[in-house]
Amino acid sequence: MIWQNHILIGASLAAVIDPVLVPVGVIGATAPDWMEWVIKPFYPVKHRGATHVVLYWIAAIIFFLAVDWHRVGLGFAIGGFSHVFADAFTIAGVPFAPWSDTRFHLFGGKLRTGNGGEYVVAGLIAALCFCFVLYSPVKIGTAADKENGFIPFFYNWKKFYDEGLIDGAEWKKNRFNFF
Ligand SMILES: [Zn+2]
């Protein structure tokens with residue numbers, strides 16, 4: 001899958017947890033590929049090999065859920081997981097566990113990298129995440145903690161209105177201004 005779509009999927013998933021995590025989610029979403037370049041001088045890593053093991057990224061998510069109170073690591077791990085998850089839609093697939101030679105595929109692994117299909121998959125995932133962020137009554141992760149504060153990327157116009165900082169017209173005008 002091309003980076004553009006990896007970034008879109010990673011950013012969307014990170015936003016579901018917390019919009020503040022979007023930048024680290026983006027770094028994580030490209031990590032399985034750039035980590036290959038970083039490791040290569042020291043260790044012969046195959047493309048879509050060690051850095052694309054699904055189980056490693058699931059373990060990273062669990063680890064950061066347990067220890068990382070800043071959630072920066074969690075955003076990164078979710079981005080990384082989104083990358084290998086998305087690569088599982090492609091013909092080449094990804095390794096599920098370090099000890100298995102079989103490739104892991106989702107939905108038959110029909111996507112060819114750079115083909116139109118991957119835009120559809122990325123767009124669908126992003127749309128689902130976007131709807132979730134907008135309409136879900138459930139708030140996951142730190143999004144709930146941030147309810148009473150300032151959220152970078154998602155200015156809290158509603159709260160400004162409630163506090164009388166801006167008037168109704170201004171709120172109406174800006175309520176769909178997320179950036
Ligand atoms: Zn990759």
Side-chain angles (χ1 to χ4, degrees), residues 1-68 70-133 140-143 152-153 178-179:
M1 191 163 281
I2 61 166
W3 276 33
Q4 200 180 321
N5 288 326
H6 277 309
I7 287 170
L8 182 62
I9 296 169
S12 308
L13 285 179
V16 167
I17 304 297
D18 190 334
V20 188
L21 296 179
V22 168
V24 271
V26 166
I27 297 169
T30 49
D33 286 344
W34 60 251
M35 279 163 98
E36 284 174 0
W37 312 332
V38 176
I39 299 170
K40 225 173 210 142
F42 312 99
Y43 181 82
V45 60
K46 273 185 294 179
H47 181 50
R48 287 192 183 159
T51 61
H52 283 66
V53 175
V54 179
L55 216 56
Y56 286 168
W57 288 104
I58 292 175
I61 289 175
I62 294 168
F63 173 79
F64 285 120
L65 266 176
V67 302
D68 180 35
H70 282 300
R71 299 192 181 252
V72 171
L74 179 64
F76 181 81
I78 284 171
F81 173 75
S82 80
H83 182 114
V84 294
F85 175 82
D87 274 353
F89 285 94
T90 63
I91 291 164
V94 286
F96 186 78
W99 58 83
S100 80
D101 277 337
T102 49
R103 309 297 283 185
F104 173 65
H105 291 107
L106 282 169
F107 296 98
K110 294 209 168 52
L111 291 187
R112 207 174 281 281
T113 295
N115 238 11
E118 71 168 80
Y119 291 91
V120 176
V121 170
L124 273 175
I125 294 172
L128 277 176
C129 292
F130 190 67
C131 288
F132 188 87
V133 170
I140 332 179
T142 52
F153 311 109
F178 296 112
F179 294 97

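Indexing begins at 1, ligand by ligand and atom by atom, following the structure's order.
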Pairs touching residues 85-104 that satisfy ring pair (Phe, Tyr, Trp, His ring centres under 6.0 Å), sequence neighbours left out
F81-F85, F85-F89, F89-F107, F96-F104

d(N5 CG, L8 CG) to nearest 0.5 Å is 6.5 Å

Among residues at least two apart in sequence or on other chains, which ones pass side-chain hydrogen bond (donor to acceptor under 3.5 Å, both in side chains) with S82?
none

Examine distances only and state if a side-chain atom of H6 and a backbone atom of A86 form a donor-acceptor pair shorter than 3.5 Å.
no

Can you count the protein N, O or S atoms that lie less than 2.8 Å from the Zn ion (ligand 1)?
4

Could you tell me which residues satisfy side-chain hydrogen bond (donor to acceptor under 3.5 Å, both in side chains) with T90, sequence neighbours excluded, listed by chain and number?
R48

W3 (side chain) donor-acceptor with D33 (main chain) under 3.5 angstrom:
no

